[in-house]
Amino acid sequence: MTDITAIGEILIDLTQTGFNEAEVPLFASNPGGAPANVAVAASRLGAKTAFTGKVGNDGFGSYLRNVLEKDHVDCSGLLTDPHPTTMAIVSVDAAGERDFRFVRGADSELTPDEVDEAAIRQSKILHFGSVSLTPGLARNATIHAARCAHQAGVLVSYDPNYRPALWASEADAVEWMRIPLPLVDVIKLAEEELPLITGVSGLEEGTRLLEEQGVKLILVTLGGDGVFCRWQGQTWKQPGIPVKVADTNGAGDTFFGAVLSRLCKRDGKPLEGLERAELKDILAFANRAAAFTCSRSGAIPAMPALAELFDGQGGAKLP
């Protein structure tokens, strides 16, 4: 049985790193895509993970497949498509402001028929994000996978990762980002995304509304301040780990991958019998993993292995 199956986008983050002597922008080709990041993070922390999605029949596609396989992510659900591998282009202007643009390709071409329903039913957790809910065939494939998991009693986790450049309007994004909520058991979202999903900005009220819609575990990340949690009607803030930040890219995916890696290793169903004290330990572990990622450059390259988080006697290590 697979612990976690992630479905959605895997892409190339083409990120500007500077300029050459002729003032021509220089770019680095980094592996990216939030669901793929979560699959790698959880795998490095001891979970058996798989990824479902599409890459192009090109060099970038081969590279991304190799990245996942190197981290022992099952790629039997990663298909090759005639469209080119998707890219997210991050450029920097003279004032240092970053600009995000997406060149959509293979990731948005996954169809419901290409989703391995048997593999989903044999997983403990199905994870997806909202980028694959943007216009394209993958929208139907993602909702189909979530519905299949929900009906089979597989825990469904969701990261409504809002990227304005991928939507026709904010209203369109909000509509589609809310559609899967009745299927979701665990949600992780950034503090600024909470008002988009719920219509209110307060942590207590916003998470209460999500709980009323059936979401069992709600996690709102607060950057360096840690995470706000709602579980079984109770709320609290789990403090973050102070760290000298090198790069925050991938920290949220590391956090969520760490949470899921612990939940899937529990006896029985991932949320069954979960007490507040155990959940606080899980969140502390996830915050520490995210801090390790922030202390190093890159997303996937910076994600820690399980051994890095503990000393030889099983005690916690800090970055």
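Bear in mind that the values here come from a model prediction, so they are computed numbers and not experimental data.
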query: Would you say the side-chain atoms of T235 and E204 include a donor-acceptor pair closer than 3.5 Å?
result: yes
field: Ion pair E278/R266, N-O distance below 4.0 Å
entry: yes
message: I need the single residue from I125, D159, V215, L217 that forms a side chain to side chain contact (heavy atoms under 4.5 Å, CB included) with V186. Which is it?
response: L217
field: Sole residue of L222, D225, V227, V220 in side chain to side chain contact (heavy atoms under 4.5 Å, CB included) with K237
entry: L222
task: For R121 and C148, indicate whether the former's side chain and the latter's backbone hold a donor-acceptor pair under 3.5 Å.
output: no
query: Should L274 and V184 be counted in the same cluster of Ile, Leu, Val, Met, Phe, Trp and Tyr side chains packed under 4.5 Å apart?
result: no
- request: Quick one: list whatever passes ring-ring contact (aromatic ring centres under 6.0 Å, His included) with Y158, sequence neighbours left out.
  value: F128
field: Pair T293-T254, side-chain donor/acceptor within less than 3.5 Å
entry: yes
query: Are the side chain of Q213 and the backbone N or O of P182 linked by a donor-acceptor pair below 3.5 Å?
result: no
query: Does one side chain, of W236 or Q238, offer a donor that lies under 3.5 Å from an acceptor on the other?
result: yes
task: Anything under 30° is parallel, anything over 60° is perpendicular, the rest tilted; go ahead and classify F256 against H127.
output: perpendicular
message: Test your reading of the model: is there a side-chain donor-acceptor pair from D74 to the backbone of S76, 3.5 Å cut-off?
response: yes
query: Out of curiosity, L219 CG to I282 CD1, how far, rounded to the nearest 0.5 Å?
result: 10.0 Å
task: Test E308 against R296 for salt bridge (Lys or Arg N to Asp or Glu O under 4.0 Å), laying out the working first.
output: CA-CA 13 Å; E308 294 182 86; R296 305 186 284 212; 2.7 Å; yes
query: Between the side chains of D253 and N37, is a donor N or O closer than 3.5 angstrom to an acceptor N or O?
result: yes
field: Least distance between heavy atoms, E114 atom then E109 atom
entry: OE1-O, 3.8 Å
- request: Go through the steps to decide whether R208 and E205 satisfy the test salt bridge (Lys or Arg N to Asp or Glu O under 4.0 Å), and finish with yes or no.
  value: CA-CA 5 Å; R208 184 188 65 79; E205 180 65 9; 2.5 Å; yes
task: Please report the C-alpha distance between C75 and F51 in whole Å, then the side-chain angles of each, then the deciding distance to 0.1 Å, and finally whether the side-chain contact (heavy atoms from CB on, under 4.5 Å) criterion is met.
output: CA-CA 6 Å; C75 290; F51 183 80; 5.6 Å; no
query: In Å and rounded to the nearest 0.5 Å, what is the NE2 to OG distance from H72 to S43?
result: 6.5 Å
message: Keeping S123 on the side-chain end and L126 on the backbone end, is there a donor-acceptor pair under 3.5 Å?
response: no
query: Any link between L133 and L137 through a network of hydrophobic side chains (Ile, Leu, Val, Met, Phe, Trp, Tyr) touching at under 4.5 Å?
result: no
field: Same cluster (ILVMFWY, side-chain, under 4.5 Å), F228 and Y162
entry: yes
message: Could you check whether any side-chain N or O of S132 sits under 3.5 Å from a backbone N or O of G129, counting only pairs where one atom can act as donor and the other as acceptor?
response: yes
message: If we ignore hydrogens and angles and just use 3.5 Å, is the side chain of D185 paired with the main-chain N or O of V156 as donor and acceptor?
response: yes
message: Run D107 and K54 through salt bridge (Lys or Arg N to Asp or Glu O under 4.0 Å) and show every step you take.
response: CA-CA 5 Å; D107 87 283; K54 274 192 167 183; over 6 Å; no
- prompt: Does W176 have R139 sitting over its ring (NZ/CZ under 6.0 Å from centre, angle to axis within 45°)?
  reply: yes
field: Backbone N/O of L194 and side chain of T198: donor-acceptor pair under 3.5 Å
entry: yes
- request: Look only at the side chain of S261 and the backbone of A42, and say whether a donor-acceptor pair between them is shorter than 3.5 Å.
  value: no
message: Using a 6.0 Å distance limit plus a 45 degree cone around the ring axis, check whether R288 lies over the aromatic ring of F310.
response: yes
query: Can the positive tip of R262 be found less than 6.0 Å from the middle of the six-membered ring of F285, inside 45° of the ring normal?
result: yes
- request: Verify the distance criterion only: is there a donor paired with an acceptor across the side chains of D113 and T111 at less than 3.5 Å?
  value: no
